[in-house]
Novice: 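Attaching a single structure in structure tokens format; questions to follow.
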There are 2 protein chains.
Amino acid sequence: MSRSATVVAIRPHRKACGACADCEVRRTAVCAALEDDEVVALERIMGSVRLEANAMLVEEGAPRRRVFSLTSGMLRLLTALPDGRRQITGFLLPGDYLGLLDEATHTLTAEAVVPSVLCGFPVPQMQDLMERYPRLRDRLHQMTKAALRQAWDNQLVLGRLAPVEKVSSFLLVLSARQASGRPVSDTVPLAMTRADIADYLGLTVETVSRSFTKLRQQGLIRLPDAHRVEIVDRGALAAVAGMEPQSSGSSTPSTKR
Amino acid sequence: MSRSATVVAIRPHRKACGACADCEVRRTAVCAALEDDEVVALERIMGSVRLEANAMLVEEGAPRRRVFSLTSGMLRLLTALPDGRRQITGFLLPGDYLGLLDEATHTLTAEAVVPSVLCGFPVPQMQDLMERYPRLRDRLHQMTKAALRQAWDNQLVLGRLAPVEKVSSFLLVLSARQASGRPVSDTVPLAMTRADIADYLGLTVETVSRSFTKLRQQGLIRLPDAHRVEIVDRGALAAVAGMEPQSSGSSTPSTKR
DNA sequence: CGTGTCTTTGAGGCAACTCAACACTCGTGG
DNA sequence: CCACGAGTGTTGAGTTGCCTCAAAGACACG
């Protein structure tokens with residue numbers, strides 16, 4: 001079993017590897033709410049966290065002592081049932097925030113999909129900063145709303161889309177999110193495993209794999225390797241994802257009305 | 001077709017039927033953030049909205065001119081696919097807020113499940129008030145976080161629970177929400193139809209009906225009539241809902257690991 | 001070059017969906 | 001007052017498609 005390589009080095013973030021000023025996500029993460037001269041306040045309470053692949057950052061139910069901002073890598077957020085079933089609620093990309101819900105304990109487990117780096121902030125001090133800089137609080141509110149939007153979209157995907165549709169939707173959304181600003185590339189890197197995709201979409205690994213194969217056979221995507229997807233026909237993929245009527249070919253996804 | 005009886009009477013809320021002061025949801029809705037003497041500001045920009053059953057309040061994509069607070073009745077929030085499939089994202093109970101996401105257009109369709117009454121607030125004036133009363137904005141932030149929590153829970157339900165588990169979970173959550181403060185009653189009124197429940201849980205009406213029957217036959221619930229459920233064995237119901245290990249009887253929900 | 005993990009593909013079973021029929025409630029109007 | 005029809009809920013029979021189980025290929029790592 002490779003899963004599980006628990007906590008991690010938490011270094012008090014000295015000016016070691018370049019400050020916030022030249023951070024990759026300076027303009028997209030929480031800190032985007034602050035001016036350059038204000039960010040130092042954030043920097044002062046900040047700790048740096050490095051995670052190896054599959055390392056667990058926080059576990060569901062654990063006390064919520066710190067909140068995090070992902071600077072590089074990818075995290076999966078998940079809940080697990082007693083019998084082992086998993087539901088991945090979402091993937092965190094660079095710039096995303098961990099700890100939107102200010103409850104006493106974490107409501108989701110967070111694990112690294114690939115080696116990742118985060119900024120960690122002690123909760124009490126973060127609250128102080130939020131009072132001092134209202135824009136910081138506003139930014140978190142805004143990120144909460146974005147997360148809610150995503151969660152609502154996911155409910156549609158989970159509840160009403162057929163497997164092939166789910167995978168199509170997943171690819172399009174991931175493609176758009178990873179582009180994030182830059183023009184969308186047609187090559188989408190899939191950092192996560194099929195098992196993660198399955199647990200995100202409410203399917204099994206086999207069904208995910210078969211769905212990829214179907215999309216490839218229909219010429220909508222190419223699969224140079226298991227962790228890279230080339231989107232060949234974006235329009236058709238969107239149509240399959242159930243985002244457009246487009247009664248084109250004879251493709252018969254499944255459950256309709 | 002009874003569905004669709006579009007918009008509604010919007011009266012400029014005179015002091016007709018008692019002011020906010022003696023409102024049912026005065027202490028649970030958005031307005032709970034304001035003192036009695038501050039609420040008048042809210043009252044001044046407020047309009048009253050009455051909906052008959054199945055009337056549509058706002059449609060997905062329509063410009064978001066007003067936001068609402070539900071005072072009585074029940075609303076369903078949903079998205080529909082071009083081919084007619086529906087996913088109900090959630091149900092609004094008295095005290096709940098409609099318009100948490102401040103986007104230009106509504107992201108969800110809102111329809112009345114039963115005759116309902118709401119307070120409506122023009123968006124620009126509401127924003128003014130939020131600047132004047134920060135606690136109002138804080139309250140909305142808090143309600144957004146609660147909604148996010150719910151949406152995350154729903155993802156687990158939709159993605160990983162078997163039909164009977166879904167229905168059990170639904171009953172328990174609804175029971176808790178409708179109690180809202182008061183001690184939870186074991187009799188849960190179901191205002192919505194089986195079709196609504198199905199579209200909420202990602203099932204068909206038949207499967208929902210059969211799930212109710214199973215739970216009844218196992219003695220976990222009683223069904224005095226189609227729209228009232230008596231919870232007989234809360235613990236067992238929670239166990240079925242996948243919230244506890246409890247390897248009791250021979251019940252075999254389905255998809256496990 | 002083994003070993004373990006991940007991915008893909010195949011075969012088969014079972015559960016949820018589809019289709020269909022019937023029971024029930026509740027207005028409406030004869 | 002009762003017949004009627006529409007809407008809703010339940011139950012049954014059959015089918016489809018996803019999951020389960022199994023095995024082999026692909027790939028990374030030691």
Novice: Among the candidates D:dT11, C:dC6, C:dC17, find the nucleotide nearest to the side-chain atoms of B:Arg216.
Specialist: D:dT11

Novice: Whole Å only: how far is the CZ atom of B:Arg228 from the C1' atom of C:dC24?
Specialist: 16 Å

Novice: Tell me if a side-chain donor or acceptor on A:Ser169 pairs with a main-chain N or O of A:Glu165 at a distance below 3.5 Å.
Specialist: no

Novice: Given C:dT9, D:dT10, C:dA16, identify the nucleotide with an atom nearest to the side chain of B:Ala162.
Specialist: C:dA16

Novice: Look at the side chain of A:Leu223 and decide which nucleotide, out of C:dA16, C:dT8, D:dC19, has an atom nearest to it.
Specialist: C:dT8

Novice: Heavy-atom count around A:Glu24 CD within 6.0 Å, excluding the residue itself: above 12?
Specialist: no

Novice: Counting only side-chain N and O atoms of B:Thr204, is one of them less than 4.0 Å from OP1 or OP2 of C:dA16?
Specialist: no

Novice: Would you say the side chain of A:Arg210 and the base of C:dG10 hold a donor-acceptor pair, judged only by whether the two atoms sit under 3.5 Å apart?
Specialist: yes

Novice: Could you check how far CZ of B:Phe212 sits from C1' of D:dG9, rounded to whole Å?
Specialist: 11 Å

Novice: Could you state the CG-P distance from A:Asp196 to C:dT5, rounded to the nearest angstrom?
Specialist: 16 Å

Novice: Over the length of the helix from C:dC1-D:dG30 to C:dG30-D:dC1, how much do the five-pair end axes diverge, rounded to 10 degrees?
Specialist: 30°

Novice: State, yes or no, whether a side-chain contact exists between B:Arg76 and B:Asp199 at a heavy-atom distance under 4.5 Å.
Specialist: no

Novice: Ignoring the backbone of B:Pro163, work out which of C:dC17, D:dC21, C:dA16 is nearest its side chain.
Specialist: C:dA16

Novice: Calculate the interatomic distance between B:Leu201 atom CG and C:dC17 atom C1'; express it in whole Å.
Specialist: 16 Å

Novice: Should the heavy atoms of other residues, nucleotides or ligands under 6.0 Å from CD of B:Glu230 be counted, would the total exceed 12?
Specialist: yes

Novice: Given C:dC17, is OP1 or OP2 found less than 4.0 Å from the side-chain N or O atoms of B:Thr207?
Specialist: yes

Novice: Give the minimum heavy-atom separation between A:Leu77 and A:Ala110, together with the two atoms involved.
Specialist: CD2-CB, 3.7 Å

Novice: Nearest whole Å is fine: how far is D:dG9 P from B:Glu206 CD?
Specialist: 12 Å

Novice: Take atom CD of A:Gln217 and atom C1' of C:dT8, then tell me their distance rounded to the nearest Å.
Specialist: 12 Å

Novice: Indicate yes or no: at least one non-hydrogen side-chain atom of A:Trp152 is less than 4.5 angstrom from one of B:Thr79.
Specialist: no

Novice: D:dA28 C1' sits how many Å from A:Asn54 CG, rounded?
Specialist: 14 Å

Novice: Taking OP1 and OP2 of D:dG7, is either one under 4.0 Å from a side-chain nitrogen or oxygen of B:Thr193?
Specialist: no

Novice: On DNA chain D, does the nearest nucleotide to A:Val208 precede the nearest nucleotide to B:His227 from the 5' side, or the other way round? Give the residue.
Specialist: B:His227

Novice: B:Asp199 has an atom CG; how far is it from atom P of D:dG9, in whole Å?
Specialist: 12 Å

Novice: If you compare all heavy atoms of B:Gly159 against all heavy atoms of A:Leu158, which two are closest, and at what distance to 0.1 Å?
Specialist: CA-CD2, 4.0 Å

